[in-house]
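Quick note: numbers below take in every heavy atom, side chains included, and nothing from hydrogens, waters or symmetry partners. Chain letters run A, B, ... following the sequence lines, proteins first and then strands; every chain starts at 1. Just so it is clear, the structure is predicted and the values come from calculations on it, not from any experiment.
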Amino acid sequence: MRVSEILQILDARIICGEHRTDYTIDVAFASDLMSDVLTLKNDHVLLITGLANMQTIRTAEMSDINCIVFARNKKASREMIALAEENDIILIECRYSMFKTCGLLYEAGVKPIF
Amino acid sequence: MEHHEFNIEGGDFTRAGYASSQVKKMLKQMGVDVAIIKRTVVAAYEAEVNVVAHAYSGAMYVDINREEVKIELRDQGPGIEDIEQAMQEGYSTASSAVREMGFGAGMGLSNMKKNADELHIESEPGKGTRVVIRMQLNATTGD
Ligand SMILES: Nc1ncnc2c1ncn2[C@@H]1O[C@H](COP(=O)(O)OP(=O)(O)OP(=O)(O)O)[C@@H](O)[C@H]1O
Ligand SMILES: [Mg+2]
């Protein structure tokens, strides 16, 4: 699924990587535990999380994850956006709960990893 | 062999991952295979975060050439009483402050074991911990 579709489905705002809305994700994973995220082996993963701090971006950098949705109206700081930019990571802010965010994307056909 | 050193500050979650990020940049520049880069930096990052999460201070020492990289982390901290127990998935003594930062699943050490070609851990309770990660690189360019 393309980032542009994700933005529509979640009625969400892209705050980093605005020019790459044609980037495509294959699967999604939702977690607030970064070590869980670091076990993933897939490519083109969408990370859905309620954890908005520098380590969220670092974890994505190490795991080669290029797209993050922050659920629960969590905001990315300026520092986080700068680090994401440096690593070509798309950031999306969404006001829905984790459950609703995941539910809407699942319903729209986004596949889970496990 | 090239040598690099990075200081790691216990408790500083804004900077955690900086050293591993520098390692990633070096490996990319050398043209190392992306799968090997990912395994290397995931192991290094878990080890770096463990210093930040569980120790007072420490450093990462990186020795690198085209064939291999050795990543050594040494810290001053509480150390690990029972390494075998600490290696078990789900075992964690992480504080609530660490959990709020997104860590403390008890997955880090087993993650390191799964990703590293070689992992060596030694610890002196009350003093600190030493972790060595070794990876084969087979890089195409650089020295
Ligand atoms: N450098 C260290 N100094 C002291 N104790 C450590 C160190 N590294 C690991 N430990 C101990 O080993 C336990 C397990 O470590 P591990 O990395 O597997 O999990 P965690 O750090 O608690 O959580 P996670 O890595 O999933 O975020 C830790 O909770 C801690 O008790
Ligand atoms: Mg850990």
Side-chain angles (χ1 to χ4, degrees), chain A residues 16 23 25-27 29-72 74-89 91 98 101 113-114, chain B residues 8 11-25 27-28 32-50 52-54 71 86-92 94 97-116 133:
Chain A
C16 182
Y23 178 77
I25 58 109
D26 287 346
V27 286
F29 187 75
S31 183
D32 288 352
L33 288 169
M34 294 302 108
S35 283
D36 270 354
V37 178
L38 289 160
T39 61
L40 304 178
K41 298 205 163 50
N42 304 57
D43 291 323
H44 296 270
V45 174
L46 169 70
L47 172 62
I48 303 158
T49 185
L51 185 85
N53 65 32
M54 285 297 273
Q55 296 316 307
T56 318
I57 314 293
R58 284 290 184 208
T59 297
E61 175 190 358
M62 303 306 159
S63 314
D64 294 327
I65 290 175
N66 291 298
C67 190
I68 303 173
V69 169
F70 294 109
R72 295 198 270 124
K74 292 285 168 184
K75 301 283 181 223
S77 68
R78 244 190 298 145
E79 258 185 311
M80 287 165 63
I81 294 171
L83 188 61
E85 215 146 68
E86 194 185 312
N87 289 287
D88 294 327
I89 298 168
L91 301 182
M98 278 283 255
T101 304
I113 293 180
F114 304 111
Chain B
I8 303 168
D12 186 356
F13 273 96
T14 55
R15 266 180 68 86
Y18 175 80
S20 305
S21 178
Q22 298 310 110
V23 172
K24 184 171 187 181
K25 289 196 178 97
L27 298 178
K28 260 183 156 171
V32 175
D33 175 73
V34 289
I36 297 176
I37 295 182
K38 182 165 168 182
R39 285 200 291 118
T40 307
V41 300
V42 165
Y45 178 58
E46 289 282 18
E48 184 179 355
V49 170
N50 275 355
V52 175
H54 307 297
I71 301 169
M87 293 291 301
Q88 290 184 4
E89 291 187 0
Y91 178 84
S92 175
V98 168
R99 286 173 202 273
E100 268 168 39
M101 300 311 294
F103 291 89
M107 297 297 293
L109 290 173
S110 76
N111 240 355
M112 283 155 62
K113 179 93 195 160
K114 281 181 192 150
N115 283 289
I133 297 159

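Within the 4.5 angstrom heavy-atom criterion, atoms from both the backbone and the side chain of A/Thr59 approach chain B.
Judged by distance alone, the side chains of A/Glu79 and B/Thr14 never bring a donor and an acceptor atom under 3.5 Å apart.
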* To do: Check the pair B/Tyr45 / A/Leu38 against side-chain contact (heavy atoms from CB on, under 4.5 Å), numbers first and verdict last.
  => CA-CA 9 Å; B/Tyr45 178 58; A/Leu38 289 160; 3.7 Å; yes
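The distance from atom CZ of B/Arg15 to atom CE of A/Met54, rounded to the nearest 0.5 Å, is 9.5 Å. Taking CD of B/Glu89 as the start and OG1 of A/Thr39 as the end, the distance is 8.5 Å to the nearest 0.5 Å. With values rounded to the nearest 0.5 angstrom, B/Phe103 atom CZ is found 11.0 Å from A/Asp36 atom CG. Remark: B/Lys38 NZ to A/Leu40 CG distance equals 6.5 Å, nearest 0.5 Å.
Here the closest heavy-atom approach between residue A/Met62 and residue B/Ser21 is recorded as CE-N, 3.5 Å.
Within residues 63-72 of chain A, the residues that have a heavy atom under 4.5 Å from a heavy atom of chain B are A/Ser63, A/Asp64, listed by number.
Applying the salt bridge (charged side-chain N to carboxylate O under 4.0 Å, His left out) criterion to B/Lys25, with sequence neighbours excluded, gives A/Glu86.
At distances below 3.5 Å, at least one donor-acceptor pair connects side-chain atoms of B/Asn111 with backbone N or O atoms of A/Ser35.
Each of A/Thr56, A/Leu51, A/Asn53 was scored for a side chain to side chain contact (heavy atoms under 4.5 Å, CB included) with B/Met101, with one residue passing: A/Asn53.
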